[in-house]
Amino acid sequence: MKKFAVVAAMATALLGSTAVNAADVEVIHWWTSGGEQAAVSVFAREFDALGEDKWVDTAIAGGENARSATLQRTLGGDPPGAAQFNISRQFEELAEAGLLLDLTPLATEEGWRDFIRPAAILDVCEFEGAIYCVPVNIHSWQWAWASVPAFEKAGVPLPKNLTEFIASAPKLQEAGIIPFAIGGEAWQIGGAMGVVMLSQLGKTGHEAIYKDRNLEVAGGPEVLSAINIFKSLKTLTDEGSANRTWNDTTNLVIQDQAALQIMGDWARGEFAVAGEVPGVDYACIAGPAEEAYLDTGGDIFLFPKQEDAAVEAAQLKMASMMVNPSVQALFNNAKGSLPVRDDVDMSLADDCMKVGLDILKDPNRVIQGAGIYLTQDSIGQMDDLWAEAWANPDLTAEEIQQRFVDIIASAE
Amino acid sequence: MAQLATAKEDGVAGRPAAGSSGRKPFRLTTLMSIIGTAPLIVTAVGVFFICIIYSFVLSFTNSRIFPAFGAENFVGGEQYARLWSTGRWLISVNNIWFFGLLSIAANMIAGYLLAVFMDQRIKAEDWFRSIFLYPFAMSLVITGLVWRWILDPNYGIQATVRGLGFTDFAFAPLVSADTAIYGLVVAGIWNGVGVTMAIMLAGLRGVDAEIWKAAKIDGIPTWRTYLFIVLPMMKGALLTAFILQCVGVVRVYDLIVAMTQGGPGIATQMPAIFVIQHITDRSNVGLGMAAATMMLLPVILLLGLQVFVQWRANRVKESA
């Protein structure tokens, strides 16, 4: 009996200590490259510094894998404390089913609506009047990263748009340089195609297709010319492209072995880690087009509902920490992305980031990514189409376009 | 058996095993065996039966992340119609046939040859057996990664041979949509041949030594004995090896993810990847379940085949 009492006392003591004190918050994310690691460490460090709570890092390589893990675990009743998603409709069903922590009280108290911009990125977090996620950065896909020494070696000027780039490709090849660097993963190919498409369609065409599902525009000449550019780019790649990760691909540009890569502005983090200087070692070409548009994609964190009150308190602390102005500055400088608020100290911003900030100031040059308008299912069908078109040169541009039109016609 | 258990039970309880309480302990053992097998029965019914029906029903709905069974969610065969008009699914189905036929055929032939080789009472048999079985013990992800590096044009065989001075040498199957599947077959064989060999070797060793003596007296050459006399006698081993491989092929997933991620493009997609991607990241459970149901068909056919072969064998035994 005495023994039992001792055990019981110890158990209550232990229980009590966990309930009152610290909580571990497991965070699932897919930030695994050098620049990304540097950025996520900022979050982890700042969160741990807040108090007793601990950031438990679960990095899962590949966005698709990480999101799958989060979805499966949340549905299976073992949700992580926080999980990274993209600004898109990827998680709307989780919110509708009430599996996510409602952040509205915190957001109202801190006035998120007043400082998070553009407003569209917070709209994505909102379902039926409640806020379910925290946007942490703004990323745009619409960038080309060029190696300045590579273009100098070939004796051609830096291109202003894709047509110019394709014209200069033979000279680059003669100089022993891979003209177009890409990793053959479906998301890289799909993302690059989205950029090519926007460079031909402009904002009006882009919205006509994805927002209004206008099949005439989808079947029109701009899309056809985008598909043709896409097919030419394929001929400018190297053998090792299959299966290569995006950061290994960026490294080819850093090493001046490849001339150009189309990749979102997260590539900037890799150049920064490698100690390269914009304008001297590498160049960032917005668009790549004379009239560049940027989408305001990026990352958000959502917080699946927990049974433990201590974890919930820690989740709210983490959400608040993520939009804190000083954390925003530190995090986004490491990540190469733009902060979600205007009032942070960005004196550290480099030339490329300044170009991006300038474009974002003009609302007419800001677009919404296709993922805002279409379900993940439709986006997936497009990714499959671009991946197939990329690997199969026998598909004609007209066939590809017809299938693109079919996807848009059946999109939800 | 029952008596043995009784003795044990009584022994544990510290009572003398002698006595005439023969009936009661018998019931106890029956109870024990029911308790013992219950988890298995529950798992078999729960996992294999209910879950399969559940997925089958889901495949007729338009469920996205969550199972949706409302009247408005039932869409009939719509998911199947979409499935069979999806290029990626069609490619997956073609791929699995191609991959399956090629790797199973190669595994069976090479496995048998290796087993025959091992059957020659060679000295270091244990060594060889471990070496051949080793790949099977390794995770398919590791196998896939290793082969991906070996076949990578920038680090693998191609780069090595080029480094030796043969600059025109080209061997990088994974980088082209037309040849990537062969690269996967090579890894599949490497992984599966050892276990096929082990099963076949057991089959070979099970053949009566008298048969060998008789064949020798009749002056039949060894290779003919292996091919025409022994091989037909080890039907059981062959069928086991075959079915094991078929099931492995139907659910092939990790190997592909580790080696090509279904690429280049969608050239090496497989049904299992399609299913998993659609029920998770693409949030289209209905379509994923339709694909999963299609994957079940060949498995049921195979099981049917095995049941049929066993039934026939039993009948032959009975009539003999």
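By convention in this document, chain letters (A, B, ...) are assigned in the order of the sequence lines, proteins followed by strands, and residues within each chain are numbered from 1. A quick note: this is a predicted structure, and the numbers were derived from the prediction, not measured.
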Quick check for you: among A391(A), G380(A), A242(A), which has the greatest number of heavy-atom pairs under 4.5 Å with chain B?
G380(A)
Bottom line for Q269(B): the part with an atom under 4.5 Å from chain A's heavy atoms is neither
Toward chain A, the part of I276(B) with a non-hydrogen atom under 4.5 Å:
neither
Under 3.5 Å: donor-acceptor pair, side chain of S378(A), backbone of L374(A)
no
Is chain B contacted by the side chain of T375(A), its backbone, both, or neither, given a heavy-atom distance below 4.5 Å?
side chain
For L75(A), which atoms come within 4.5 Å of any heavy atom of chain B: side chain, backbone, both, or neither?
side chain
Side chain from CB out, backbone as N, CA, C, O: work out which of these in P264(B) comes under 4.5 Å of a heavy atom of chain A, or both, or neither.
both
Using the ring of each side chain (for Trp, its six-membered ring), is F60(B) parallel, tilted or perpendicular to F56(B), with breaks at 30° and 60°?
perpendicular
Within the 6.0 Å centroid threshold, strictly below: Y132(A) and F85(A)
no
With rounding to the nearest 0.5 angstrom, report the OG1 to CG distance, T268(B) to L174(B).
8.0 Å
Does any heavy atom of chain B fall under 4.5 Å from the side chain of N65(A), the backbone, both, or neither of them?
neither
Which answer fits E93(A), side chain, backbone, both or neither, if we ask what part of it has an atom under 4.5 Å from a heavy atom of chain B?
both
Can you say whether E92(A) sits under 4.5 Å from chain B via the side chain, the backbone, both, or neither, judging by heavy atoms?
side chain
Using the benzene-type ring in the case of Trp, are the ring centres of Y182(B) and F99(B) under 6.0 Å apart?
no
Is the ring pair W89(B)/W84(B) parallel, tilted or perpendicular, if the boundaries are 30 and 60 degrees?
perpendicular
Hey, which of T280(B), N284(B), I279(B), D281(B) has the most heavy atom pairs under 4.5 Å with chain A?
D281(B)
Could you tell me whether W266(A) and W141(A) have their ring centroids closer than 6.0 angstrom?
yes
So for I407(A), is it side chain, backbone, both, or neither that comes closer than 4.5 Å to the heavy atoms of chain B?
neither
For the residue pair W386(A) and F230(A), does the interplanar ring angle fall in the parallel (under 30°), tilted (30 to 60°) or perpendicular (over 60°) class?
perpendicular
